[in-house]
Amino acid sequence: MDGEDKREQDEQLEAAAASEQAEDSSDAAEKSDVSVTEELASGEAVGGSKAAAPREEAVDPILEDEFEAPTRRIKKPEVDVEDEILDPDEAPKEWYILKVAFNREETVRDAIIKQINMSGMEGYFGEVLVPTEDIVEFNRSGKRKIVKRKLYPGYLMIYMHVNDDTWFLIRDTTGVSDFTGTAGKPAPMDPAEVERVITSNEDGEDGEKQLKTSIPFKVGERVRVKEGNFQNQEGEVEKLDEANGRISVNINIFGRSVPVELDHWQVEPL
């Protein structure tokens with residue numbers, strides 16, 4: 001074999017050896033990657049030392065409670081003492097005023113009573129009143145009769161315990177507008193006003209009812225005297241006296257305005 005052929009053979013051997021060395025290096029790298037991955041998975045660091053376990057930070061129980069799921073933190077709202085009373089008959093009651101349809105007070109009162117009886121919540125309610133007073137009226141012939149007059153047209157009084165159920169029952173009754181009060185909260189009546197309304201028709205000290213007289217005139221209204229000494233005289237109503245059924249009328253006499261006291265049925269409107 002000559003020198004040129006020998007050189008060519010040596011070059012081929014060197015190329016083959018370099019190729020084997022490159023493959024061995026690649027396999028070693030892959031093995032090294034696998035080994036490192038396995039070591040990391042098993043908790044061992046490269047170089048044979050075990051990786052330190054992650055440090056668990058101490059959790060403040062107060063902070064932990066603050067970040068609990070919202071559903072675990074919701075509490076049932078506290079209720080007033082009266083809402084916890086089991087026996088409706090023991091629930092505290094007060095008088096309230098209801099605004100209702102005008103001139104339908106009796107009809108609305110009957111509807112409220114019917115709703116209460118149907119609901120089975122009678123224990124939370126007492127009387128439902130159309131506030132009235134007895135008064136005396138005289139017809140055109142002067143005949144006297146006793147009639148009832150509404151104290152608060154368009155309003156009712158109701159004795160009840162207010163909670164969500166009773167409030168909705170009353171508000172849902174046809175003809176009821178609302179409770180009187182502020183900021184949507186029913187306001188109970190003043191005890192003195194309740195006493196005045198309740199006792200308005202009671203007997204007086206002499207055993208007889210102290211009745212007012214219905215006077216169909218207003219202060220400032222023009223009237224004409226239809227009988228008596230000042231018949232056909234015209235004047236202006238100055239004062240009303242319902243307790244006695246009389247009125248004071250300013251009548252022009254001799255160029256001067258003179259107040260004359262008359263029975264209300266002695267005059268007529270102009």
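Note that the coordinates shown come from a computational prediction; the quantities given were computed from them, not determined experimentally. Residue indices begin at 1 and follow the sequence shown.
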Identify the heavy atoms of [X] and [Y] that sit nearest to each other, and give their distance.
X: His161; Y: Ala91; answer: CG-CB, 3.6 Å
X: Arg109; Y: Val128; answer: CD-O, 3.3 Å
X: Gly181; Y: Ala187; answer: CA-CB, 3.7 Å

To the nearest 0.5 Å, what is the distance between [atom1] ([X]) and [atom2] ([Y])?
X: Ile158; Y: Ile170; atom1: CD1; atom2: CD1; value: 4.0 Å
X: Arg224; Y: Arg222; atom1: CZ; atom2: CZ; value: 10.0 Å
X: Asp165; Y: Leu169; atom1: CG; atom2: CG; value: 8.5 Å
X: Ser257; Y: Glu236; atom1: OG; atom2: CD; value: 8.0 Å

Is it the case that Ser248 and Glu238 place a side-chain donor and acceptor less than 3.5 Å from each other?
yes
Can you sort out the partners of Leu129 under side-chain contact (heavy atoms from CB on, under 4.5 Å), two or more places apart, ordered by chain and number?
Trp95, Glu127, Met157, Ile198
Can you check whether Asp190's main-chain N or O pairs, donor with acceptor, with Glu193's side chain at less than 3.5 Å?
no
Say whether, by atom type as modelled, one donor and one acceptor occur between the side chain of Glu105 and the main chain of Asn103 under 3.5 angstrom.
yes
Is there a side chain to side chain donor-acceptor pair (under 3.5 Å) between Thr107 and Asp110? Walk through the geometry before answering.
CA-CA 5 Å; Thr107 302; Asp110 295 342; 5.8 Å; no
Trp167 side chain near Phe179 side chain, heavy-atom distance below 4.5 Å
yes
Salt bridge (charged side-chain N to carboxylate O under 4.0 Å, His left out) involving Arg149 - partner list, sequence neighbours excluded:
Glu133, Glu242
With Asp263 via side-chain hydrogen bond (donor to acceptor under 3.5 Å, both in side chains) - residues at least two apart
Arg246
